[in-house]
Amino acid sequence: MKQALSSWIALEVERDRLTREALADVDAGRVIEHQAVQAWAERLNSNAPLPAPPLTFSP
């Protein structure tokens with residue numbers, strides 16, 4: 001039980017770290033436009049997949 005709780009806490013700490021990192025990226029304007037990601041994802045299983053969308057810097 002102790003091991004399971006420790007593992008869960010470690011996962012939650014990492015999830016929190018990653019969330020804060022992502023929010024910092026958004027605050028700094030490092031984003032990828034939703035429409036670009038959606039178009040890219042829709043073509044992943046096609047015969048002509050699109051390249052990964054570029055990171056957009058917006059103030």
Side-chain angles (χ1 to χ4, degrees):
M1 183 69 155
K2 214 174 183 180
Q3 176 69 27
L5 186 55
S6 292
S7 294
W8 178 78
I9 289 171
L11 286 172
E12 289 302 312
V13 167
E14 179 66 4
R15 184 182 319 220
D16 181 66
R17 185 191 69 75
L18 291 171
T19 299
R20 290 176 189 276
E21 183 180 308
L23 290 172
D25 283 339
V26 171
D27 288 343
R30 293 183 296 267
V31 297
I32 300 175
E33 295 296 324
H34 174 76
Q35 294 83 358
V37 173
Q38 189 170 18
W40 171 75
E42 288 172 355
R43 299 272 304 267
L44 282 175
N45 287 329
S46 75
N47 290 334
L50 296 173
L55 184 62
T56 304
F57 292 95
S58 59

- Heavy-atom count around Glu12 CD within 6.0 Å, excluding the residue itself: above 12? yes

- Task: Supply the atom-to-atom distance Arg20 CZ to Arg15 CZ, rounded to the nearest 0.5 angstrom.
- Result: 14.0 Å

- Taking everything shown except Asp16 itself, do over 12 heavy atoms lie less than 6.0 Å from its CG? yes

- Determine the minimum heavy-atom distance between Trp40 and Pro51, stating which atoms define it. CD1-O, 3.2 Å

- Message: As a test of understanding, state which of Val26, Val37, Asp25 forms a side chain to side chain contact (heavy atoms under 4.5 Å, CB included) with Val31.
- Response: Val26

- Message: Are Leu50 and Leu44 connected into the same hydrophobic cluster when the rule is that any two of I, L, V, M, F, W, Y join if their side-chain heavy atoms are below 4.5 Å apart?
- Response: yes

- Message: Under 4.5 Å between side-chain heavy atoms, counting indirect links through other Ile/Leu/Val/Met/Phe/Trp/Tyr residues: same cluster for Trp8 and Val13 or not?
- Response: yes

